[in-house]
There are 2 protein chains.
Amino acid sequence: MASVKIENTEEEILNAAKEVFQQKGMAGARMQEIADKAKINKALLHYYYRSKQLLFEAVFKNAFRLLAPQIGKVLNDDTELFDKIRNFTDSYVSFVIKHPYLPNFVIQELNSNPEFVLKLRAEASFPSTEKFKQQVLEAIETGLIKPIDADQLLINIISLNIFPFIGTPLLMALINVDKIKYDQLLQNRKTEAADFIINSIKI
Amino acid sequence: MASVKIENTEEEILNAAKEVFQQKGMAGARMQEIADKAKINKALLHYYYRSKQLLFEAVFKNAFRLLAPQIGKVLNDDTELFDKIRNFTDSYVSFVIKHPYLPNFVIQELNSNPEFVLKLRAEASFPSTEKFKQQVLEAIETGLIKPIDADQLLINIISLNIFPFIGTPLLMALINVDKIKYDQLLQNRKTEAADFIINSIKI
DNA sequence: ACATTTGTTAACCAAATGGTTAAACCAAAT
DNA sequence: ATTTGGTTTAACCATTTGGTTAACAAATGT
């Protein structure tokens with residue numbers, strides 16, 4: 001039964017580590033807290049993952065592998081541009097509501113460890129933007145959308161979808177609503193954000 | 001000359017603390033590093049700011065007092081809606097290029113200390129959205145813009161302006177450009193972002 | 001049955017870290 | 001010249017923290 005137990009503890013650790021790292025970041029996380037949350041001895045953490053750094057990287061890669069395909073949807077999907085945008089905003093919002101700490105975590109740690117990006121690029125899951133750029137060019141040529149730089153459009157799409165989650169505390173304070181009302185706003189964005197984007201570019 | 005010296009050291013400390021806190025966050029910052037950067041003894045930090053927490057709060061409030069008026073521009077300015085949007089995106093981009101770590105710092109620490117928001121609301125500098133909401137309603141009634149929820153529009157404006165800075169490492173990796181090219185993209189956003197927003201809402 | 005490998009723990013350790021203390025320094029007032 | 005007040009430092013301290021060790025337990029192979 002060794003392998004069963006291994007997978008149990010290993011996953012237990014990873015889950016606990018995920019929680020703690022995503023809430024407190026690399027610097028703020030404590031190995032002891034992770035051990036407690038996983039209900040194991042601290043030494044066992046080092047038995048499975050040799051150091052805090054390695055445990056963190058495991059968590060981070062897991063998170064990124066979850067997030068990347070979501071972003072990939074805007075990029076490497078075959079559907080028509082407007083559908084794709086609608087599709088993306090809808091599914092991304094649903095996704096993040098299930099993993100609320102994730103985008104902030106990824107962004108944050110990417111900011112404090114810019115070298116991380118290099119490691120990520122090597123990953124198979126890392127999305128490529130070629131297809132999207134091509135599609136935007138075609139849509140411009142066929143007169144479907146106004147001329148716009150594909151990179152800027154991509155930045156816009158991602159910004160409109162990710163920031164409302166990362167900026168939750170700031171935005172909540174600013175528009176002066178409680179968590180419940182704000183979550184409703186976010187839900188509405190499933191369609192609102194897509195409409196906003198499409199309105200801007202369609203002819 | 002005691003008072004002169006005070007202001008010098010105190011400011012020296014605050015500047016050093018700003019750099020370190022903004023790059024590493026509350027948890028990752030080290031008092032020793034701040035002292036070194038300010039070229040003073042560590043004990044002197046505690047002489048001026050009794051604890052790490054208090055020093056951090058001083059830095060954070062400073063940062064927020066810098067950021068808040070920028071956001072306030074979208075909200076409490078008298079100019080016409082489209083001009084206001086153009087104005088805001090232009091001046092916000094210029095502002096953040098001068099203070100690159102600032103938005104990320106504020107967002108990040110707001111996320112890990114949601115109670116902070118309460119303290120900030122009390123601040124005089126905290127922007128109110130009433131005027132903006134009113135203005136949007138009027139613009140809809142007079143047929144200047146399409147119907148849109150003012151809160152959603154505000155979220156869109158802020159997202160489009162702030163996220164490209166916070167998400168720099170992610171976006172750079174995604175669209176596969178170096179820092180120089182990315183900074184050019186950001187510069188272009190001074191007008192691009194405003195156009196994008198206005199295109200979306202104008203009739 | 002027994003040896004070997006794998007999983008788990010309690011106790012421990014060295015380094016780092018936030019914070020304190022007591023003394024020294026120094027400009028201005030007396 | 002001496003006192004006085006705030007300013008600055010070196011040395012120190014208690015606690016926290018990531019990480020290790022050595023011993024024990026539980027499987028697994030032979």
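Quick note on labels: first sequence line is chain A, next is B, and so on, each numbered from 1.
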TODO: May I have the distance from A:Q32 (atom CD) to C:dC12 (atom C1'), rounded to whole angstrom?
DONE: 14 Å

TODO: Quickly work out the A:D36 CG to C:dT9 P distance and round it to whole Å.
DONE: 12 Å

Task: salt_bridge(B:K131, B:D77) N-O dist < 4.0 Å - done: no

Open item on the list: If you only use heavy atoms from C-beta on, which nucleotide in D:dT8, D:dG19, C:dG19 is closest to the side chain of B:M31?
Closed with: C:dG19

Open item on the list: If we ignore hydrogens and angles and just use 3.5 Å, is the side chain of B:K52 paired with the main-chain N or O of B:A29 as donor and acceptor?
Closed with: yes

TODO: Mark yes or no for a side-chain to base donor-acceptor pair under 3.5 Å between A:K52 and D:dG19, with no hydrogen or angle criteria applied.
DONE: no

Task: Any A:S51 side-chain nitrogen or oxygen under 4.0 Å from OP1 or OP2 of D:dG18 - done: no

- [ ] For B:L45, answer base if it contacts any base atom (sugar-phosphate contacts may also be present), sugar-phosphate if it contacts only those atoms, and nothing otherwise; contact means non-hydrogen atoms under 4.0 Å.
- [x] nothing

Open item on the list: What is the distance, to the nearest angstrom, from the CZ atom on A:R50 to the C1' atom on D:dT20?
Closed with: 13 Å

Open item on the list: Tell me which nucleotide, if any, is Watson-Crick or G-U wobble paired with C:dT30 when both distances must be under 3.5 Å.
Closed with: D:dA1

- [ ] Give the rounded distance in Å between these two atoms: CD of B:E33 and P of C:dG18.
- [x] 10 Å

Task: Derivation of the side-chain contact (heavy atoms from CB on, under 4.5 Å) call for A:Q108 and B:I166 - done: CA-CA 8 Å; A:Q108 184 50 30; B:I166 292 182; over 6 Å; no

Open item on the list: More than 12 heavy atoms of other residues, nucleotides or ligands under 6.0 Å from CG of A:L118: yes or no?
Closed with: yes

- [ ] Using heavy atoms to find the nearest nucleotide of DNA chain C for A:A43 and A:Y47 separately, return the residue whose nucleotide is more 5′.
- [x] A:Y47

Task: Protein-nucleotide distance (A:N8, atom CG; C:dT8, atom C1'), rounded to Å - done: 14 Å

Open item on the list: Let me spell it out: for each of B:K39 and A:Q53, pick the nucleotide of DNA chain D with the closest heavy atom. Which residue's pick is nearer the 5' end?
Closed with: B:K39

Task: Side chain of B:H46 - closest among C:dG18, D:dT9, D:dG18 - done: C:dG18

Open item on the list: Is the phosphate of C:dA10 approached by A:N41 (side-chain N or O, under 4.0 Å from OP1 or OP2)?
Closed with: yes

- [ ] Evaluate the ring planes of B:F60 and B:F64, with Trp represented by its six-membered ring, and classify them as parallel (under 30°), tilted (30 to 60°) or perpendicular (over 60°).
- [x] parallel

TODO: Mind checking A:A35 for me? I need base, sugar-phosphate or nothing, with any heavy atom below 4.0 Å counting as a touch.
DONE: nothing

- [ ] Give a yes/no answer on whether the side chain of B:R30 brings an N or O atom under 4.0 Å of OP1 or OP2 in C:dG18.
- [x] yes

Task: Between C1' of C:dA10 and CG of A:L44, the distance in whole Å - done: 13 Å

Open item on the list: What is the separation between atom OH on A:Y48 and atom C1' on C:dT9, rounded to the nearest whole Å?
Closed with: 13 Å

Task: Value in whole Å for how far the C1' atom of C:dC12 lies from NZ of A:K42 - done: 10 Å

